[in-house]
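Some notes on the structure that comes next.
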Amino acid sequence: MSAQILDGKLLAAQLKERLMAEIKTLGSSVKETPRVFSIVVGNDPASLSYAASQQKTAQSVGIHYELQNFKADTSQEDVLKLIDELNSYDHVHGIIVNKPLPAHMNFSTIINAIAPYKDIEGMNLANFGLLLMGEEGIFPCTPAAALELLKSSGVSLKGKHAIVIGRSEIVGKPVALLLLKEDMTVTICHSKTIDLPFVVHDADVVIAALGKPGFVKGDWIKNGAIVIDVGINQVDGKIVGDVDFASAQQKASYITPVPGGVGPVTSVMLMNNAVKAFKLQTST
């Protein structure tokens with residue numbers, strides 16, 4: 001067996017087409033364009049690169065994107081003041097705060113200062129609470145991307161057993177909750193899980209989000225399972241995932257590559273969240 005590749009670039013292109021059409025329709029009805037305001041504090045290369053990628057994706061689908069790059073020694077109070085202003089602006093529909101932040105800033109404090117309906121990363125407590133309660137809301141874009149790729153396999157998810165490896169607030173916990181909304185049976189594993197390979201071998205779906213390169217081996221995977229690799233790790237100048245791709249591909253029915261899997265879809269899901277936020281604000 002050799003798994004079929006779940007191509008994130010292809011899926012992202014398809015999702016972009018749909019998003020462009022929706023934005024065009026919305027523009028005709030409300031005579032306004034979704035606007036996103038992104039905040040970077042400092043000059044971290046990865047953060048600036050991600051912001052540039054956000055801007056490119058936004059512009060490609062017809063979303064206005066504006067970036068504010070603060071100096072690294074900017075006070076937390078100044079950032080909170082800007083967020084408070086943006087919350088009050090009707091023409092700003094989505095707010096992003098890029099990580100990492102300088103050591104003197106608290107990410108939780110800053111992200112929770114964003115109005116829930118403008119929190120297009122789905123990271124503040126109000127949106128996380130909606131996800132926990134099974135309600136509709138704006139949910140984290142990386143978990144949403146993982147789910148979109150999983151659905152693109154065409155395999156029925158209802159009743160299937162999913163193993164999520166990793167319990168972070170950014171990916172592990174929210175993706176588990178999204179899978180529960182799809183009527184899957186979900187097990188969350190982590191560094192303290194006893195006999196992890198044995199537990200993983202029971203899964204119909206494996207979502208790896210632990211940040212350890214090549215950690216999940218092919219002989220852990222049940223024949224025919226679907227493997228979604230959320231990991232992004234740099235090894236010898238190359239980007240690799242949390243799954244040993246070569247060996248897992250021999251056991252899985254579908255698998256995502258790294259790079260080219262979850263990453264491209266994530267940026268589109270962020271803009272999809274911007275459109276959700278736009279509709280929430282323009283319909284009231």
* To do: Could you go through the side chain to side chain contact (heavy atoms under 4.5 Å, CB included) check for Leu15 and Met269 one step at a time?
  => CA-CA 8 Å; Leu15 292 172; Met269 296 310 295; 4.1 Å; yes
* Go through Ser75 and Met105 one step at a time and tell me if the side chain to side chain contact (heavy atoms under 4.5 Å, CB included) criterion holds. => CA-CA 8 Å; Ser75 71; Met105 293 190 182; over 6 Å; no
* Checking side chain to side chain contact (heavy atoms under 4.5 Å, CB included) for the pair Val216/Asp244: CA distance, chi angles, key distance, verdict? -> CA-CA 6 Å; Val216 179; Asp244 180 46; over 6 Å; no
* To do: Determine, stepwise, if the pair Lys192 / Arg167 fulfils side chain to side chain contact (heavy atoms under 4.5 Å, CB included).
  => CA-CA 11 Å; Lys192 303 297 188 294; Arg167 53 179 169 178; 4.2 Å; yes
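Listed for the Asp119 side chain is no donor-acceptor partner under 3.5 Å among the backbone atoms of Ile95. Between the side chain of Lys160 and the main chain of Ser156, a donor-acceptor pair closer than 3.5 Å is present. Within the 3.5 Å criterion, the main-chain N or O of Ala113 finds a donor-acceptor partner in the side chain of Asn87. Between the side chain of Asn69 and the backbone N or O of Gly42, at least one donor-acceptor pair lies under 3.5 Å. Judged by distance alone, with hydrogens and angles left aside, the side-chain atoms of Thr74 form no donor-acceptor pair with the main-chain N or O of Phe70 at under 3.5 Å. At least one donor-acceptor pair under 3.5 Å links the side chain of Lys251 to the backbone N or O of Ile221. In terms of modelled atom types and a separation under 3.5 Å, the side chain of Lys173 and the main chain of Ile170 share no donor-acceptor contact. Within the 3.5 Å criterion, the main-chain N or O of Gly261 finds no donor-acceptor partner in the side chain of Thr256.
The same ILVMFWY cluster, assembled from side-chain heavy atoms under 4.5 Å apart, contains both Val79 and Val36. Following chains of ILVMFWY side-chain contacts shorter than 4.5 Å, one can reach Val230 starting from Leu180, so the two form part of one hydrophobic cluster.
Contact of the Leu67 side chain with the Val40 side chain is registered, since non-hydrogen atoms from C-beta on lie closer than 4.5 Å. When side chains are defined from C-beta on, Pro140 does not count as touching Val171, because their heavy atoms never get closer than 4.5 Å. In this structure, Val164 and Cys189 have side chains that are not in contact, with every pair of non-hydrogen atoms separated by 4.5 Å or more. By the 4.5 Å heavy-atom criterion applied to side chains, Ile110 and Leu101 are counted as neighbours. Between Phe245 and Ile5, the closest side-chain pair of non-hydrogen atoms falls below 4.5 Å. The side-chain heavy atoms of Gln281 and Lys118, taken from C-beta on, include a pair separated by under 4.5 Å.
Using a 4.0 Å cut-off between a side-chain N of Lys or Arg and a carboxylate O of Asp or Glu, Lys151 and Glu182 qualify as a salt bridge. Taking 4.0 Å as the cut-off between side-chain N and carboxylate O, Lys99 and Glu121 do not count as a salt-bridged pair. Salt-bridge check for Lys181 with Glu135: failed, with every basic side-chain N at 4.0 Å or more from each acidic carboxylate O. With salt bridges taken as basic N to acidic carboxylate O contacts below 4.0 Å, none links Lys222 and Asp202.
Of all heavy-atom pairs spanning Ser108 and Asn112, the tightest one is O-ND2, 2.8 Å. The two atoms that bring Pro102 and Ala72 nearest to each other are CG-O, 3.5 Å, heavy atoms only. Between Gln250 and Ser2, the shortest heavy-atom contact is NE2-OG, 4.4 Å. In terms of heavy atoms, Ala252 sits closest to Ala3 at O-CB, 3.2 Å. Considering all non-hydrogen atoms of both residues, Phe128 and Leu177 come closest at CE2-CD1, 4.1 Å.
Annotation: cation-pi geometry satisfied between Lys276 and Phe139 (NZ/CZ under 6.0 angstrom from ring centroid, within 45° of ring axis).
Within the hydrophobic cluster formed by Ile, Leu, Val, Met, Phe, Trp and Tyr side chains joined at under 4.5 Å, directly or through other members, Phe198 stands alone, with no partner residue.
With hydrogens and angles left out, the side-chain atoms of Glu32 and His93 include a donor and acceptor closer than 3.5 Å. Between Gln54 and Tyr65, the side chains place a donor N or O and an acceptor N or O closer than 3.5 Å (distance only, hydrogens not considered).
If you run side-chain contact (heavy atoms from CB on, under 4.5 Å) between Leu11 and each of Leu149, Leu6, Val262, only Leu149 comes through.
Counting heavy-atom neighbours within 6.0 Å of Lys217 NZ, excluding the residue itself, gives a total above 12.
Under the side chain to side chain contact (heavy atoms under 4.5 Å, CB included) criterion, Glu17 pairs with no residue, sequence neighbours left out.
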